[in-house]
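In what follows, every heavy atom counts, from backbone to side chain, and hydrogens, waters and symmetry copies are set aside.
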Amino acid sequence: MAAPLASKAGSAGTNSKPPFPELDFRSGARVEELNKLIQEFTKHDQREYDDQRALEIHTAKDFIFSMLGMVQKLDQKLPVANEYLLLSGGVREGVVDIDLDELNVYARGTDYDMDFTLLVPALKLHDRNQPVTLDMRHSALCHSWLSLRLFDEGTISKWKDCCTIVDHINGATNYFFSPTKVADWFYDSISIVLSEIQKKPQRGMPKVEKVEKNGTIISIILGVGSSRMLYDIVPVVSFKGWPAVAQSWLMENHFWDGKITEEEVISGFYLVPACSYKGKKDNEWRLSFARSEVQLKKCISSSLMQAYQACKAIIIKLLSRPKAISPYHLRSMMLWACDRLPANYLAQEDYAAHFLLGLIDDLQHCLVNKMCPNYFIPQCNMLEHLSEETVMLHARKLSSVRSDPAEHLRTAIEHVKAANRLTLELQRRGSTTSIPSPQSDGGDTNQPDDRLAKKLQQLVTENPGKSISVFINPDDVTRPHFRIDDKFF
């Protein structure tokens, strides 16, 4: 990737020359300059939040959880005691493996300031020992149909209107949980609840600026104080344990061995509402290991994460049409690189440039060979369905990045700076609904004090990029319990 440092003069009596700057062989770019550009991108991409912004994040989250509690009470379909997984970053950022084709384009700065993904279990199967065997007879690898035979009669009765029905020759009827019908029900229920909430607005309540159904995802943009927050809400099926199809992955050596326990990695998985290229949309779900990925992120060095974020910003713009490559593919390649390369190499703080160039090389290699194995189920090739024309088109685009990575980094920096300027302009105008600040004299006896603000700020600033599990009782939405990785609050 990069030319090594030239050695200093080797014999006494000769004039020592300064070492030649380290260069990227392909582009001629100075590695030092690339490192500085990545650092600048990181500085603008990872913003620190003050007390007011921390309170706005907390207010939006409470609003979403209260809304979901009301959805549960509509028809009792959702589990009463539910466990949500809150991920930093929207679906478009690749935090879960969901195809982006059906999603409307939202831009940070223009449409929102912060984005989150919330996985909401519609069904839970938490009482079985691992491994979990799914019905994959009708599906491609990494996908499954879900029969409600696994559940009791009460669950079948609640959800049969969100199922496709298959009658067998012997006269038995099988109900298959339908991701599209579940998404339709979820969107309709959320719309009803939001309509009711907006009939009785309360002081400090977030302004619902947009509610859209994007394929099987419900996207909500809230205006809170001076912030706009995007929540991509995903109905899922939650499992404890580990799927049998991924059992062999546990037998291999991995970069996280000895850093976190196997129990942490295999605590559970999801089915998300996404189908394979030739799958049946009404029946097929996709396996998601989002909970495991939260744990694995703890073992990835900060310099590699910086390179990944910078590379993601470049490819999201460059490879957006046609939508064949998603940031989730890049995330998978990063995890494979962690398994492939020595840990002490990946821990080098000043190697972000090498990591960025390597990720671009890896992505181009995957495109040329039309091969990107799923990290947890390697036999599943996530690029198998792409045409030769599409992969070569994207490979040529990546070639232009590899020929001048510095210029593409500068462009990514300008984009994130422009988004930040739009956010600041909105804050100055104060165009969204305002919530009282800790210092304001609003006369509200329930107003949070400075200690809450400082605690929230600490949670946000000390856990950048981390994901939060939230345990909430719909009958008492005022007392959520947070888990940031393995810490409880």
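Between Glu425 and Arg428, at least one side-chain nitrogen of the basic residue sits less than 4.0 Å from a carboxylate oxygen of the acidic one, meeting the salt-bridge criterion. Salt bridge Arg410/Glu33: present, at least one basic N to carboxylate O contact under 4.0 Å. Between Glu414 and Lys417 a salt bridge is recorded (basic side-chain N to carboxylate O distance below 4.0 Å). Salt bridge status for Glu83 with Arg291: present, with a side-chain N to carboxylate O gap under 4.0 Å. A salt bridge is absent between Arg331 and Asp97; no separation between the charged side-chain nitrogens and carboxylate oxygens falls under 4.0 Å.
Atom CG of Asp24 sits about 4.5 Å away from atom CG of Leu357, to the nearest 0.5 Å. For the atom pair NZ of Lys370 and NE2 of His385, the computed distance is 9.5 Å after rounding to the nearest 0.5 Å. Within the model, atoms CG of Asp362 and CG of Leu398 stand 11.0 Å from one another, a figure rounded to the nearest 0.5 Å. Expressed to the nearest 0.5 Å, how far CD of Glu388 lies from CG of Leu367 amounts to 11.0 Å. From Ile300, atom CD1 reaches atom CG of Leu335 across 5.0 Å, with rounding to the nearest 0.5 Å. Atom OG of Ser139 sits about 9.5 Å away from atom CG of Leu287, to the nearest 0.5 Å.
In this structure a side-chain-to-backbone donor-acceptor pair under 3.5 Å is present from Arg228 to Gly109. A donor-acceptor contact shorter than 3.5 Å links the side chain of His143 to the backbone of Leu141. Distance alone, capped at 3.5 Å, is enough to place a donor-acceptor pair between the Asp232 side chain and the Val91 backbone. The backbone N or O of Pro373 lies less than 3.5 Å from no partner atom in the side chain of Asn381, so there is not a single donor-acceptor pair. A donor-acceptor pair under 3.5 Å is formed between the side chain of Asp115 and the backbone N or O of Gly90. At least one donor-acceptor pair closer than 3.5 Å links the side chain of Ser332 to the backbone N or O of Tyr328. In this structure, Glu32 contributes its side chain and Pro21 its backbone to no donor-acceptor pair below 3.5 Å. In this structure, Thr59 contributes its side chain and Leu55 its backbone to a donor-acceptor pair below 3.5 Å. In this structure a side-chain-to-backbone donor-acceptor pair under 3.5 Å is present from His329 to Ser326. Using a distance-only test at 3.5 Å, with no hydrogens or angles considered, no donor-acceptor pair links the side chain of Lys43 to the main chain of Asp45.
Checking Arg402 against Ser27 by side-chain atom types alone, no donor-acceptor pair falls below 3.5 Å. Looking only at atom types and distance, the side chain of Asp361 has no donor-acceptor partner in the side chain of His365 under 3.5 Å away. Using modelled atom types, one finds a donor on one side chain and an acceptor on the other under 3.5 Å when comparing Asp282 with Thr180. No side-chain donor-acceptor contact under 3.5 Å links Arg30 and Asn35. Between the side chains of Thr423 and Asp113, a donor-acceptor pair is found at a separation under 3.5 Å. Remark: the Lys312 side chain and the Gln309 side chain contain an N/O donor-acceptor pair separated by less than 3.5 Å.
What you find for Gln379 and Val245 is that their closest heavy atoms are NE2-O, 3.6 Å. Listed here is the closest heavy atom pair of Trp145 and Glu284: CD1-CA, 4.1 Å. The heavy-atom pair separating Ile218 from Ala183 by the smallest distance is CD1-O, 4.0 Å. Residues Ala307 and Leu356 share a closest heavy-atom pair of CB-N, 3.6 Å. The two residues Ala246 and Phe289 make their nearest non-hydrogen contact at CB-CZ, 4.2 Å. In plain terms, the two heavy atoms of Ser288 and Phe269 that are nearest each other are O-CB, 3.5 Å.
Here Phe355 and Tyr345 bring their ring centres to under 6.0 angstrom of each other. When ring centroids are compared, Tyr84 and Phe65 come within the 6.0 Å threshold.
Side-chain contact between Pro327 and Leu100: present, with at least one pair of heavy atoms (C-beta onward) separated by less than 4.5 Å. Here the side chains of His44 and Asn420 are in contact, with some heavy-atom distance below 4.5 Å. Within the 4.5 Å cutoff, the side chain of Phe186 has no heavy atoms near those of the Lys213 side chain. You'll find the side chain of Val236 stays beyond 4.5 Å of the side chain of Val96, heavy atoms only. For the pair Val391/Leu383, no side-chain contact is recorded, criterion being any heavy-atom separation below 4.5 Å from C-beta on. With a 4.5 Å cut-off on side-chain heavy atoms, Glu264 and Trp256 do not count as touching. Contact of the His354 side chain with the Gln348 side chain is not registered, since no non-hydrogen atoms from C-beta on lie closer than 4.5 Å. Looking at heavy atoms from C-beta onward, Asn214 lies in side-chain contact with Arg92 at the 4.5 angstrom threshold.
Residues forming a ring-ring contact (aromatic ring centres under 6.0 Å, His included) with Tyr375 (at least two apart in sequence, or on another chain): Trp249, His254, Trp336.
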Residues Phe63, Ile220; criterion side chain to side chain contact (heavy atoms under 4.5 Å, CB included); working and verdict:
CA-CA 11 Å; Phe63 179 85; Ile220 300 176; 5.7 Å; no

Given Phe255 and Leu341, is the side chain to side chain contact (heavy atoms under 4.5 Å, CB included) satisfied, shown in steps?
CA-CA 9 Å; Phe255 71 97; Leu341 296 165; over 6 Å; no

Could you go through Asp111 and Leu230, starting from their C-alpha distance and side-chain angles, then the distance that decides it, and tell me whether this counts as side chain to side chain contact (heavy atoms under 4.5 Å, CB included)?
CA-CA 8 Å; Asp111 301 298; Leu230 167 62; over 6 Å; no

Derivation of the side chain to side chain contact (heavy atoms under 4.5 Å, CB included) call for Asn104 and Lys210
CA-CA 12 Å; Asn104 291 335; Lys210 185 176 292 187; over 6 Å; no

Output, in order, the C-alpha distance, side-chain angles, deciding distance and verdict of side-chain hydrogen bond (donor to acceptor under 3.5 Å, both in side chains) for His408 and Asp404.
CA-CA 7 Å; His408 284 83; Asp404 195 354; 5.8 Å; no

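No more than 12 heavy atoms of other residues, nucleotides or ligands sit less than 6.0 Å from atom NZ of Lys281. A 6.0 Å sphere centred on NZ of Lys36 holds no more than 12 heavy atoms belonging to other residues, nucleotides or ligands.
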